[in-house]
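Here's the structure we're looking at; comments come further down.
Numbering starts at 1 and runs along the sequence shown. This is a predicted model, so every value here is computed, not measured. Numbering of ligands and ligand atoms starts at 1, following listing order.
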Amino acid sequence: MASKTLDQFLHDNLEDLKSRGLYNVIDPLESPNGPVIEIDGRELINLSSNNYLGLATDERLKEAALEAVQKYGVGAGAVRTINGTLSLHVQLEEKLAEFKNTEAAIAYQSGFNCNMAAISAVMDKNDAILSDELNHASIIDGCRLSKAKIIRFNHSDMDDLYAKAKEAKESGQYKKIMVITDGVFSMDGDIAKLPEIVEIANRFDLITYVDDAHGSGVLGKGAGTVKHFGLSDQVDFQIGTLSKAIGVVGGYVAGKKLLIDWLKVCSRPFLFSTALPPADVAACIKAIEILMSSTELHDKLWSNGRYLKKGLKELGFDIGESETPITPCIIGDEVLTQKFSRRLNEEGVYAKAIVFPTVPRGTGRVRNMPTAAHTQEMLDRVLSIYEKVGKEMGVI
Ligand SMILES: *Cc1c(COP(=O)(O)O)cnc(C)c1O
């Protein structure tokens with residue numbers, strides 16, 4: 001018999017979310033997640049994907065995936081440590097290390113999983129983690145799983161980090177101390193202050209951990225935020241995802257061989273969850289080869305990002321302080337933001353509203369993610385729709 005307590009709990013909480021306008025309705029795509037998508041039979045210019053370089057639909061990746069299916073089938077068949085490690089996985093890890101300019105790398109089933117795996121493989125209840133207050137949910141959950149003491153510092157506030165690192169170190173309470181940050185913060189598009197973070201880490205002997213999910217493929221000519229700052233040999237953990245710019249699925253840690261050897265014997269998702277499927281691995285290898293051989297897609301992403309930003313700014317929109325192609329358009333009021341996004345949708349632009357609690361109250365925004373796959377005509381159309389809706393709603 002189904003639990004009445006559970007039914008009551010679910011019903012009450014769902015109703016509560018709906019009444020506060022926080023219940024997210026999902027719109028399934030009837031097309032690939034490219035620059036133009038189809039939803040409910042309507043075509044929309046897509047500014048909501050993380051498919052930064054358009055690789056999710058790239059013919060070269062599709063071909064590599066199909067070949068891998070023919071050769072290896074559709075599943076890896078086991079966890080990595082039993083016999084689910086295909087030669088393809090090894091190739092991918094070698095490529096990742098080369099791409100990131102590190103001694104070694106280890107691949108996981110997702111970026112989320114990677115944070116579950118890597119933090120708790122090294123940190124435990126005798127340790128402390130200094131964590132930027134705007135870090136991604138998977139970092140927060142990974143930190144919790146480790147049972148280390150979590151010390152949040154104000155977003156990108158280096159004085160606060162310094163003070164908290166000093167206090168943690170001088171307390172003598174912790175065996176190890178780690179500092180964790182996103183490389184690029186996805187809500188505002190700002191970049192972590194890695195040179196300062198590394199300096200503080202050196203001073204207080206902190207382990208450094210950078211989750212570069214939104215930086216890889218985007219910064220450092222594609223190699224990511226750590227490379228962008230020339231700090232490849234000074235960051236212990238470089239985390240990346242294979243599901244954003246790389247366009248497929250999966251996550252990885254790149255770092256010293258000693259670290260990767262350790263993660264291979266004791267990070268739980270590597271030991272207890274089936275390996276990435278061959279098609280995905282082959283597509284990822286192809287994507288990294290493309291990124292390493294040319295900056296064409298990277299350059300197109302940036303020129304599209306600049307074009308969109310310039311256009312929105314000239315129209316009079318507040319686009320915040322983004323340092324990357326991520327382009328928030330800050331509306332402020334939550335209800336107005338939702339309405340703005342709905343009107344854009346009616347006019348043919350798919351750009352999601354992001355409001356409290358994902359971002360601070362009163363800073364509701366429509367977040368635009370231009371990609372290398374957008375054409376200038378598409379972006380011009382976006383700008384004219386923004387202008388129309390912005391004027392109609394009194395935002396500009
Ligand atoms: C998206 C994201 C993840 C999750 O990556 P997936 O591969 O989608 O699971 C992890 N960390 C950060 C910072 C992210 O932005």
Side-chain angles (χ1 to χ4, degrees), residues 26 33 48-53 55-56 61 92-93 96 99-100 105-121 129 131-146 152 155-156 178-194 197 208-220 224-226 228 235 237-255 263 267-270 273-277 279-281 283-284 287-288 322-328 352 354 358-359 367-369 371:
I26 292 171
N33 202 344
S48 287
S49 84
N50 297 315
N51 180 20
Y52 286 113
L53 302 176
L55 289 172
L61 271 68
L92 172 63
E93 290 169 341
L96 284 167
F99 178 52
K100 289 280 156 176
I106 178 173
Y108 292 95
Q109 301 86 347
S110 75
F112 197 105
N113 218 352
C114 193
N115 283 326
M116 296 302 109
I119 303 169
S120 54
I129 303 174
S131 175
D132 189 290
E133 64 177 339
L134 294 190
N135 276 344
H136 188 258
S138 60
I139 299 180
I140 297 168
D141 287 7
C143 291
R144 286 182 184 150
L145 196 59
S146 76
R152 293 185 355 151
H155 175 53
S156 279
M178 177 184 267
V179 55
I180 300 196
T181 182
D182 276 32
V184 170
F185 292 87
S186 64
M187 293 304 147
D188 290 288
D190 55 322
I191 303 173
K193 295 176 177 159
L194 290 188
I197 291 175
T208 45
Y209 189 112
V210 178
D211 180 349
D212 208 20
H214 287 274
S216 277
V218 176
L219 285 167
T225 311
V226 172
H228 168 76
V235 169
F237 288 77
Q238 288 195 57
I239 311 303
T241 170
L242 299 165
S243 37
K244 288 174 181 150
I246 301 297
V248 192
V249 72
Y252 58 90
V253 182
L263 294 175
S267 56
R268 293 168 71 83
F270 193 81
S273 182
T274 297
L276 281 169
D280 297 329
V281 179
C284 288
I288 295 161
S322 172
E323 301 169 81
T324 59
I326 296 172
T327 307
K352 278 280 202 188
I354 297 181
T358 307
V359 292
R367 190 179 56 163
N368 302 287
M369 309 289 264
T371 73

Side-chain donor-acceptor contacts of residues 183-191 below 3.5 Å, not counting sequence neighbours, with atom names and distances?
residue	atom	partner	partner atom	Å
Asp188	OD1	Arg365	NH1	2.9
Asp190	OD2	His155	NE2	2.6

Residues that Ser243 engages under side chain to side chain contact (heavy atoms under 4.5 Å, CB included), provided they are two or more places apart
Thr241
Once ring-ring contact (aromatic ring centres under 6.0 Å, His included) is applied, do any residues pair with Tyr52, and if so which ones, sequence neighbours excluded?
His214
So which of Ile106, Ile288, Asp280 actually passes side-chain contact (heavy atoms from CB on, under 4.5 Å) with Leu92?
Ile288
With a 4.5 Å heavy-atom cut-off, do Ile139 and Asp182 have their side chains touching?
yes
Using only atom types and a distance under 3.5 Å, with no angle test, would you say the side chain of Asn33 pairs donor to acceptor with the backbone of Ser49?
no
Sort out the contact shell of ligand 1: every protein residue with a heavy-atom distance below 4.0 Å, listed by chain and number.
Ser110, Gly111, Phe112, Asn115, His136, Ser138, Asp182, Asp211, Ala213, His214, Thr241, Ser243, Lys244, Gly250
